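Reading through the structure tokens given below for one structure.
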Amino acid sequence: MEKIVIIGGVAAGATAAAKARRISSDAEITILESGPDISFANCGLPYYIGGDIKSRSKLILQSPESFNEQYQTAVHIHTAATEIDRENKVVHTVDSRTGEKKTFDYTKLILAQGGKPIAPPIPGADQDHVFQLWTLEDMDKIHTFIENKNPKTAVVVGGGFIGLEMAEALVKRGLKVSVVEMMPHVMAIMEAEIAGFIQEEMTAYGVDVLTNKAVDAIGRNNVTLKDGASVDADLVLLSIGVRPTLKLAADAGLAIGDAGGLLVDQTLKTSDDNIYAAGDMVELEHRVHGKKVRIPLAGPANRQGRIAAENALGKRHEYKGSIGTSIVRVFEAVAGTTGLSLKAARAAGLNADAVVIHKEHHTSYYPGAEQVSVLVVYDRETGVVLGGQTAGYAGADRRLDVLAAAAAAKLTVSDLADMDFAYAPPLGTANDAMNMAAYVAENRISGYSPALTISELDAAPESEKAFWLDVRDVFAFNKSHVAGAVNIPLELLPSKLNALPKNKRIYVYDQTGKKGHQALRTLTGAGFTNVFNVSGGFSSLSGYVRAVAPSTFQLDLPAPDPKQIGENSEAEVTEAANTAKVSELPKVDAKKEASNEPLIVDVRSDEEFSYGAVPGAINIPLDEIQNRIHELGNKNRKIILYCATGARSAYATQILNYYGYTDVENGGGVTRMMSRSRTS
């Protein structure tokens, strides 16, 4: 009979025990857990503190009693393994409550001790208002401290997943929160423009994000930074990373790998044929570049636990490695990463490039459409997807899963370009954001549309002397633009080519990159040879600048609109703001209704009109024009109609002609009308 001893519970250990029992009904299975809990939802801890999860009991997945009843497994909590006698196949333990020592013999041993939060040697870190978050006990201490001490301010040290989730939780508990991060931006594993999306959301909710900063000391009610600055802190959370728990394994003489984790083979067997390991303590093969890495995530830990149990019981199941897919939601903003970032891919010696697109997560005409950002990293010669990142208020998780599958299966960007994705107006678009990202990558690979991500652009010495061309409309340009950029809206570009320098590098950008591509093709067709589309356009530029200070260009952005916990959803807030703007819009002048004075009518929606319009124009949306036709006055008066592109105004022209108006002109798009207005 097999005697399976598992050291450690939670994700890998409890999963291994459950799988072992499903494989073998007669194996003797024992779990040794040093803490008080055998199986709990550690990923849910911040959400209990923040109040999203109301019931603490929902975080407790199994008790020793329930686990034994379901899986006939002996569970010993508060039982720390102190030594592995490999020769005699015995584990020595001590009960942390009573000091009682016991031994457990095994035929196969599975190590699943996970990791522990790094405890930095910061003066003052041992005070009772300084916490880490890893266990239910940690969660309870934080919750009780907030309830009893009523802290007003908090500092979160570390801008990774747990740090940002806890920043949100503490804001929801009414604290003024500051996040201190040593790296240039939070979520250091992500590209700056993706991290910038998260930082903007945090700033909107009142979180102070202090990057490139380190903590020097923790006081009673403040944190002192290395630069001498002081930050108020009635509560401090340390969240700077996790270190694998390796002492027991190392003392037993098991091999430790170059990446700092316990070394295992593809069957998750250690250097001892009778000992397997799983979870945060092991190092594993990265599925993209094949090198050994540590990826402390719940998903891989669960899968490794299953596989370790299978192989310990005589099966042959090889673990294929991980690509590190992970995602975070901070307030309403979501961002995720999978595979390799562009920086990591190039550091690994891969010939990598990347592109970024921003597109509606479902059709723009269906209510509630939100922009989703997709960054794809790929091999520039083969087109194989190496990884990527996504961000948005909706749809980011779905696109990240596609990227994860593509990277794991070694699909190419051309495979993504031709892939069918689920589409219905409330759920997607006919050409999904993934298709569009693949098209852009294909264009960059072929040289049809040379592009640079913002990080590449900012690192290029030539960027300091580049000519910046902004092809957005004048309203967007006036709100914010790259310092020194020249504004020539796309519609007017063919007639303005002589104003552009042919002897300089030109960076062209629009709002999302799509019109920037059109502008680039116009320029290359006219003989310009040193032109690059800024991948992701102004949306990527602004995300990058929210995260880091660029070195080769300047872009001043207004502070994000403030948000508050408990306010309406993003869509409802936007709708309310637009309604307020609409109430201030100019109406038809009653004195002009009966006159023959020329009338300029903007047939765009109220919302579009509120963002900027031709001087003197009045707004009658196309959908309302038949019901409001009486407001136009004399049927012989001159009426000029326009919209965003000229399409809706062409339709409005037909309507007015049908109703007998004799002097109606389609003025086309707003850009041409603005140019015409300036000329007049």
Side-chain angles (χ1 to χ4, degrees), residues 363-367 369 470-479 487-496 510-511 514-515 518-519 522 574-680:
T363 49
S364 58
Y365 58 79
Y366 189 89
D470 187 323
V471 296
R472 298 174 300 157
D473 63 54
V474 65
F475 309 116
F477 180 82
N478 287 340
K479 288 176 182 176
N487 179 222
I488 303 178
L490 178 64
E491 296 85 346
L492 304 181
L493 186 59
S495 64
K496 303 286 187 178
D510 69 323
Q511 189 62 35
K514 183 178 180 181
K515 288 186 176 181
Q518 286 182 257
T522 298
T574 301
E575 183 179 356
N578 291 336
T579 301
K581 289 180 182 178
V582 168
S583 67
E584 301 170 359
L585 298 180
K587 308 299 181 184
V588 178
D589 189 337
K591 294 181 179 179
K592 291 184 178 181
E593 288 183 20
S595 74
N596 288 319
E597 189 175 332
L599 185 65
I600 301 174
V601 180
D602 185 322
V603 299
R604 295 177 299 164
S605 68
D606 295 335
E607 180 183 349
E608 291 173 288
F609 186 75
S610 69
Y611 285 118
V614 173
I618 58 99
N619 180 220
I620 304 180
L622 177 61
D623 292 339
E624 301 175 18
I625 199 162
Q626 286 178 279
N627 294 329
R628 296 175 58 185
I629 204 163
H630 62 278
E631 297 178 25
L632 301 178
N634 192 319
K635 291 188 176 182
N636 295 322
R637 74 187 305 180
K638 176 71 173 180
I639 298 177
I640 303 171
L641 304 166
Y642 78 91
C643 61
T645 64
R648 281 174 283 178
S649 52
Y651 194 80
T653 300
Q654 297 177 31
I655 293 174
L656 296 193
N657 287 336
Y658 176 82
Y659 280 95
Y661 286 82
T662 59
D663 193 4
V664 182
E665 176 188 349
N666 179 9
V670 64
T671 294
R672 292 199 176 278
M673 282 297 297
M674 285 296 295
S675 176
R676 176 173 170 177
S677 174
R678 287 195 296 267
T679 301
S680 299

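Predicted model only: the values in this text are computed from it and were never measured. Note that these values count all heavy atoms, side chains included, but never hydrogens, waters or copies made by symmetry.
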Any side-chain heavy-atom pair of [X] and [Y] under 4.5 Å:
{"X": "I600", "Y": "M673", "answer": "yes"}
{"X": "D510", "Y": "L490", "answer": "no"}
{"X": "L632", "Y": "I620", "answer": "yes"}
{"X": "N487", "Y": "N478", "answer": "no"}

Contact summary for [X] and [Y], nearest pair of heavy atoms:
{"X": "G668", "Y": "S649", "answer": "O-OG, 3.7 Å"}
{"X": "F609", "Y": "R604", "answer": "CA-NH2, 3.7 Å"}
{"X": "I488", "Y": "L493", "answer": "CG2-CA, 3.8 Å"}

List in chain and number order the residues that pass side chain to side chain contact (heavy atoms under 4.5 Å, CB included) with [X], two or more places apart in sequence or in another chain; answer none if no residue qualifies.
{"X": "Y658", "value": "none"}
{"X": "F475", "value": "D473, V670, M674"}
{"X": "E665", "value": "K638, I640, R676"}

When you measure from the side chain of [X] to the backbone N and O of [Y], does any donor-acceptor pair fall under 3.5 Å?
{"X": "N619", "Y": "D602", "answer": "yes"}
{"X": "K635", "Y": "Y659", "answer": "yes"}
{"X": "R672", "Y": "E491", "answer": "yes"}
{"X": "D663", "Y": "I639", "answer": "no"}
{"X": "Y642", "Y": "V614", "answer": "yes"}
{"X": "S675", "Y": "T671", "answer": "no"}
{"X": "E608", "Y": "S605", "answer": "yes"}

Next on the checklist: Within this structure, what is the CZ-CG distance for the pair R648 and N666, rounded to the nearest 0.5 Å?
Outcome noted: 12.0 Å
Next on the checklist: So, taking the atom named CD1 in I618 and the one named CZ in R628, what distance separates them when rounded to the nearest 0.5 Å?
Outcome noted: 6.5 Å
Next on the checklist: Checking V603 against Y651 for the side-chain contact (heavy atoms from CB on, under 4.5 Å) test, could you report, in this order, the C-alpha distance in whole Å, the side-chain angles of both residues, the deciding distance, and whether it holds?
Outcome noted: CA-CA 10 Å; V603 299; Y651 194 80; over 6 Å; no
